[in-house]
Structures are given as C-alpha cells and as structure tokens.
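Every chain is numbered from 1 and lettered A, B, ... according to where its sequence line falls, protein lines coming before strand lines.
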Protein chains: 2
Amino acid sequence: MMLASDTRETAAADSGTEDFGPRQADVLEAALTLLVEGGDKGFTTARLARAANCSKESLYKWFGDRSGLLAAMVTYQASKVRVAGSLNARPSAEEFKRQLTDFAHDLLTVLSGPTSLALNRLAIGEAGRTDAQLGHLLTERGRRAIEERAKKLLDTGKRAGLIRFDDREEAFATLYGLIVGDMHVRMLLGETVPALAGDAAISAQAARAIGKFHRLYAAGDDMTTTA
Amino acid sequence: MMLASDTRETAAADSGTEDFGPRQADVLEAALTLLVEGGDKGFTTARLARAANCSKESLYKWFGDRSGLLAAMVTYQASKVRVAGSLNARPSAEEFKRQLTDFAHDLLTVLSGPTSLALNRLAIGEAGRTDAQLGHLLTERGRRAIEERAKKLLDTGKRAGLIRFDDREEAFATLYGLIVGDMHVRMLLGETVPALAGDAAISAQAARAIGKFHRLYAAGDDMTTTA
DNA sequence: CCCGAACCGTACCGTACGGTACTTGTTTGG
DNA sequence: CCAAACAAGTACCGTACGGTACGGTTCGGG
C-alpha cells in the first residue's frame, strides 16, 4: 500500500519529473496493480476509481485523460526502478565480468517482472494506433536508463583494456541480444520461459550470455576459460 | 469457447490443414489488411463485414467467435509464409555462411513486416487476459517454422564440421539473439529501427550478426579475424 | 463559526462494440 | 421450374466503456 511518502527533492534528471503527490502515487500504484492482474482489458477508469477509493472526476482532474493516466503510470513506474550500479573506474577482469553479469541479471529480472510486462503489453497494444506515443515514452523512460548504465559499463571495460570495440552502439546491441534473445517477446506473448524461472535460472542465463559476450569482445586471449 | 459442431464437415479441427475456402481466404485477407492499418482498435466485426462485403452473420457462422476469427487470421497468415530454405547436405564454409546469412535476412524481413507486427501486437495485447491462447497459437504457427529451419541449418553445419556446439537449443537462442537483438520489441513499440530500414540495411545487419555467430561457434580457429 | 476548496460516490450520457435475428436476393440441384 | 440452402444487408439488443455532472462530506483558514 504505501511506500513511505517519498521525500524526494531534486529528482530532476533530464526532462519531465513531475513528482506526483502522495495521493496520486497511491492511485498510480493501484492502477499498476490493476493493470498487472487485468491487462488493458481489465483496466478501466471506473475500476481504478473503485480500487483506489477515489472518484473518476478526480482521475480526470489529475491526469486529464485516459492516455494521460497511462503516461503517468509509465513515468511513475520508471521513477521507481532507478537503479544505480556501483561503478569502479578501474576494475579487474573478474570484477568487470562480475559487473557485466550483475547487469545481465538485473536486466532479465526487470524485463521478466509482471509490471514491466504489463506496461510493455499496454504500450505495444497502443502502438498500432496513435503513433505509439506511449511506446516512445516507455522506451525513453525505461530503456534509456538501462542503455546508459550498460554503455557506461562498456566504456569502463574499454578504458581498463579489458574489452575492445569500435562501435559502442553495436557492442551494446550485441550484449543485449546475447542476454535477452527472444525471451522478452516470448514472455510478452504469455509464454513461461524456463530460462527465467527463478533467480538461479536467471543467474545461469546471465552468466552464459556474459561468457559469450566476453568471447566476442575480450581484449586479451583468455577466451579459453569457457565453461 | 465451443468450436461449433455445425455444418462444418472438414476435419480441420486440430492442427494443420487450414484450407479456408476461397471466400474465407478473401475475408481473412481483408481482415489482415484492416488489422494492419487499424490495430486491434480499428479491427471490428462490423468494419470487417463492410470491408469484405460480407455479413456479420456469415462471419460468426464461419469463425464462430471473434477469437475464432483472430485464430483463423493467425493460421491463415502462417500458412502464407511457409518458407523453404534450399538445403545442401554438405555445404562449403562459404556456402554455409551464406545460408546462415540468408536465414538471418529472411528472419529480419519477416519480423519487420507490417502483418507480422500487427499480429504480434494483437496477440501480445490479448496475452494479458485469457491466458494467451492466441499468443501460444502465434508462437506455435509462426515461430516453429523458423526454429525448425534454423535448427536444420545448425545441424547441417555441425555435420559438415563447420561449427561446433553441444546444446542445439542454446546455439539457436544465441543465433536468434545476435540477429534480432531488441529490435523486434522496439518495432512492436512503434519505433522505426534504422538497422532495418530497407533491404540493404537488413542485409548489413544479417551479415554482422552471422559474423559474430561464426566467431562464437566456428569449429576452426579463424576467430583471429576480428575487425 | 462559516466559507470555499478539494474530493468521494454515484448517477448519467453518448457511443461503440460483440453477437443475434430477420428480410431480401441469389445460387443450386433435382 | 421450384424449393431449399446460402449469404448480403440491416436493424436490433445488451453491455460496457470514456467522460461529465451533481449532491454530500471533509478539512483548513479566516
């Protein structure tokens, strides 16, 4: 129910950052819960009003519109998953690999989370019409953070002489592809992916992916250490 | 719900053999067109009836239900993309690489096609509720073919001594991840992915992915050719 | 003590959808 | 040539949604 009222000041990162009073946060929390267990079909203003103990009129006063409400849900959820990886400017090889593996683990955990899946389903469903305003918002708010973290990680590895690449974009794309593969789409389609069932499986998948990435991008020739 | 036991005497109940008389095929074609340019929002029985010059009653008689109609659309579309790669039992290294690249090219072309995107969006939107019957159908009808072709390809390469792997599933997953990455989800979200804009870009992406795959799975030690 | 703002609960409106029923051609086979 | 089947077109029904309006209630400030 309540995550203790956020005393966040200076949350300003780049753009947007409306901080949603505590009442609105509660409503958005209820909205996400409703969306997770009902899909966009089960998510309606009347139901949300009942679930959040507020009136529909207030919903429209606060968020203006249904799409405004959805947008608010996206930014609200994105503001919750702000993760910060501990960075070491000059990591050892093992340390770096560990950081990469942690990144992969976090990425898989986030992507397989029910809230992420529900929001992505919603945005994808809406992407057919209205030119994907919500999809853009989702990629902007959700993916950007991940991409930033990964690229910082890659730069660190390159500076430390541990990995080698020319195109950082391409390296990131490869890393992402190796970690996630088609599992994201399969989960979005409702399948249960065995490689992501439980934390142990996720860790195994992360380790496998990072092993391959290392064999592709390692600066040295220690690629014989494959499991 | 029920598949009606009505006058339908064709035994196409279970799997495969979707013959769909020519009239039904036309209707399904119109349905796909409508879905592509309207999304699931713009796709309604009344609109389809008007677009296909048929009556709603006929729609319900032929497909039983809205979900039945959607399922028919999926299987119909799947029956159209039946691709057959020319297989060579004992290809040379270059020939094999070419086959892999062709596969990657075809995969990217199919995934970025508007019909595929629309159907995937539909199934994903429906996956929130109703336990993803349509999603399963889509993976079964659509992905299976691709997976079969790829695995046959991998086996061929292994038999020819060109690539080496223990787990075929894992090798396929890696191949898929290297080719597609997160571009599928991004397209589903409505983004325009530059790496897939036009056939030349797709070919370049395919070649890049297969290059990496080869560096990971080549049987020889020619992996020193890193760029 | 009162006033006004905020807000909950509910009722309401227009619309649009899925699904059904009926009427009117049009085919088809005996 | 006729009757039975089939299908187009339309009208219709129940429902459910997005969005709005209204009465009652709380709460903080003057």
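At whole-Å resolution of the value, CG in A:L59 and P in D:dA21 are 16 Å apart. Rounded to an integer number of Å, the gap from CH2 of B:W62 to C1' of D:dA8 is 10 Å. When the P atom of D:dG9 is taken as reference, atom NZ of B:K56 falls 14 Å away, rounded to whole Å. With rounding to whole Å, A:R66 atom CZ is found 17 Å from D:dT20 atom C1'.
At least one side-chain nitrogen or oxygen of B:S58 sits closer than 4.0 Å to the OP1 or OP2 atom of D:dA8.
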Q: Evaluate the side-chain contact (heavy atoms from CB on, under 4.5 Å) criterion for residues B:F103 and B:L154: first the C-alpha distance (whole Å), next the side-chain angles of each, then the deciding distance (0.1 Å), finally the verdict.
A: CA-CA 11 Å; B:F103 167 76; B:L154 291 178; over 6 Å; no
Q | Residue pair B:L134, B:S67: steps toward the side-chain contact (heavy atoms from CB on, under 4.5 Å) verdict | A | CA-CA 8 Å; B:L134 215 134; B:S67 56; 5.7 Å; no
Q: Verify side-chain contact (heavy atoms from CB on, under 4.5 Å) between A:L138 and A:N120, making sure each step is shown before the conclusion.
A: CA-CA 8 Å; A:L138 193 62; A:N120 274 280; 3.3 Å; yes
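The nearest heavy atom of DNA chain D to A:E57 and to A:K41 marks one nucleotide each, and the one closer to the 5' end goes with A:K41. Judged by closest nucleotide on DNA chain C, A:R50 is the one of B:A46 and A:R50 placed further toward the 5' end. Comparing A:R47 and B:C54 against DNA chain D, the residue whose closest nucleotide sits nearer the 5' end is B:C54.
Running 5' to 3' along DNA chain C, contacts with non-hydrogen atoms of chain B at under 4.0 Å begin and end at C:dC17 to C:dC22.
Salt-bridge annotation for A:D155 and A:K151: absent, with no side-chain N of the basic residue lying under 4.0 Å from a carboxylate O of the acidic one.
The environment of CZ in B:R23 is crowded: more than 12 heavy-atom neighbours from other residues, nucleotides or ligands sit within 6.0 Å. No more than 12 heavy atoms of other residues, nucleotides or ligands lie within 6.0 Å of CG in A:D131, so this atom counts as exposed by the packing criterion.
When B:H184, B:R186, B:M187 are each tested for a side-chain contact (heavy atoms from CB on, under 4.5 Å) with B:L196, only one passes: B:M187. A side-chain hydrogen bond (donor to acceptor under 3.5 Å, both in side chains) with B:E147 holds for exactly one of B:R149, B:R143, B:R144; it is B:R143.
Under the 4.5 Å side-chain criterion, counting only non-hydrogen atoms from C-beta, B:R47 is not in contact with B:R50.
Of the residues in residues 128-138 of chain A, not one places a heavy atom less than 4.0 Å from an atom of DNA chain D.
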